[in-house]
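Take a look at the structure set out below.
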Amino acid sequence: MRGRYGVLLLGLLLAQLAVAGEPGRLEIYLTDHRQAIDDFASLVVELEALRVKRRVGWRFWQSGWEELVPQQRRLDLTAYTDGRRALVFAGAVAAGTFDALELRLAGLKGVLRRGGKPVAVTDRTGPLAVTFRVRPQQTTRLVLDLVVLDLSDHGQGYVLQVAGYAQYENGVLVDKVPPG
C-alpha cells in the first residue's frame, strides 16, 4: 500500500512542477484618484521599470525582484481620471504567487493650471505590499490608483503616492484596497 501512495505523491509533485512552469498573463494599469490632480494642466509620469516580487516558498532560488518592461513609459496622469486608465504592462509571466509590486519612476513633470508654472512633485510610490497570483493560462489584472496630494500647508508641496489598487482574475474583482 505504501508504494502506491509514494507513486501517487510523486506524480502529484511532478504535475505541480509542470503547471508551475506554464505562463499566465499579467496586466498592470494606472489611474489617478481625484485629489489634487485638478490643480494640474499636465502631470507627466516617466516610468523607468515595473518590478514584481515572487513569494518565497519552497522554490527559494526564485526569490527576489523580477523586472517587467513597461509598454508605455510616459503618460500624462491628468488624462487618466474618472475611470480611465493607462495600460503600462501586458504580457506573459511564469505562474506563481507574488507579494509585492514596485512602480519605479524616472521622473515627474508637473505644470499647474494657474499660471502654467512648472511645479515639483515628490515620488512616494515606493514598493507596494500586495499579494496576487498569476495562474497558468489565465489573466491577472492589477489597477494601481495613484493620487497627487497637495501637502503645501505642511511644507511638503505636491506628492504622488499609491492610494490603493484593484485586483482582477479573469475579469472578476477579487481584491480592492481600500474596499468600496
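Between the side chain of Arg113 and the main chain of Asp38, a donor-acceptor pair closer than 3.5 Å is present. A donor-acceptor pair under 3.5 Å is absent between the side-chain atoms of Asp99 and the main chain of Thr131, judged by distance alone. A donor-acceptor distance shorter than 3.5 angstrom exists from the side chain of Arg73 to the backbone of Glu48, with no hydrogens or angles considered. Under the 3.5 Å distance criterion, the side-chain polar atoms of Arg74 are left unmatched by any main-chain donor or acceptor of Val44. Remark: the backbone N or O of Gln137 is not paired with any side-chain donor or acceptor of Glu22 at under 3.5 angstrom. Asn170 contributes no side-chain N or O that, together with a main-chain N or O of Gln138, makes up a donor-acceptor pair within less than 3.5 Å.
Taking the side chain as every heavy atom from C-beta outward, Leu101 and Leu144 approach each other to under 4.5 Å. The closest side-chain heavy-atom distance from Gln167 to Leu142 is below 4.5 Å. Between Ile28 and Leu103, the closest side-chain pair of non-hydrogen atoms is not below 4.5 Å. Between Leu151 and Tyr158, the closest side-chain pair of non-hydrogen atoms is not below 4.5 Å. Contact of the Thr31 side chain with the Arg84 side chain is not registered, since no non-hydrogen atoms from C-beta on lie closer than 4.5 Å. Under the 4.5 Å side-chain criterion, counting only non-hydrogen atoms from C-beta, Tyr165 is in contact with Asp175. Within the 4.5 Å cutoff, the side chain of Thr122 has no heavy atoms near those of the Gln156 side chain.
Each of Ile37 and Val143 belongs to its own hydrophobic cluster when Ile, Leu, Val, Met, Phe, Trp and Tyr are linked at side-chain heavy-atom distances under 4.5 angstrom. Each of Trp65 and Leu68 belongs to its own hydrophobic cluster when Ile, Leu, Val, Met, Phe, Trp and Tyr are linked at side-chain heavy-atom distances under 4.5 angstrom. A continuous path of Ile, Leu, Val, Met, Phe, Trp and Tyr side chains, each step under 4.5 Å between heavy atoms, connects Leu128 with Val93, placing both in one hydrophobic cluster. Hydrophobic cluster membership is shared by Val148 and Leu112, with clusters built from Ile, Leu, Val, Met, Phe, Trp and Tyr side chains linked at under 4.5 angstrom. Linking Ile, Leu, Val, Met, Phe, Trp and Tyr residues whenever their side-chain heavy atoms come within less than 4.5 Å places Leu47 and Val52 in a single cluster.
The minimum heavy-atom distance between Asp150 and Ala36, with the atom names listed, is N-CB, 3.9 Å. Residues Leu77 and Thr81 approach most closely at O-CG2, 4.0 Å, considering heavy atoms. Of all heavy-atom pairs spanning Arg54 and Ala95, the tightest one is NH1-O, 3.3 Å.
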Requested in this report: Walk me through it: do Leu26 and Phe98 pass the test side-chain contact (heavy atoms from CB on, under 4.5 Å)?
Outcome: CA-CA 11 Å; Leu26 178 62; Phe98 299 83; over 6 Å; no
Report task. For the pair Val159 and Val121, evaluate side-chain contact (heavy atoms from CB on, under 4.5 Å) and give the outcome as yes or no after the intermediate values. Result -> CA-CA 5 Å; Val159 298; Val121 179; 5.8 Å; no
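Val172 shares a hydrophobic cluster with no other residue; no ILVMFWY side chain has heavy atoms under 4.5 Å from its own. Grouped by direct or indirect side-chain proximity (heavy atoms under 4.5 Å, Ile/Leu/Val/Met/Phe/Trp/Tyr only), Val174 sits alone.
The CZ atom of Arg141 lies 10.5 Å from the CG atom of Leu173; values are rounded to the nearest 0.5 Å. Here the CD atom belonging to Glu102 is positioned 9.0 Å from the CD atom belonging to Glu67, to the nearest 0.5 angstrom. In this structure, CZ on Arg85 lies 11.0 Å from CG on Leu30, to the nearest 0.5 angstrom. Going from atom CG of Asp32 over to atom OG1 of Thr78 covers 8.5 Å, rounded to the nearest 0.5 Å.
The pair Lys109-Glu46 counts as a salt bridge, with a side-chain nitrogen and a carboxylate oxygen less than 4.0 angstrom apart.
Contacts of Arg133 classified as salt bridge (charged side-chain N to carboxylate O under 4.0 Å, His left out), with partners at least two apart in sequence or in another chain: Glu169.
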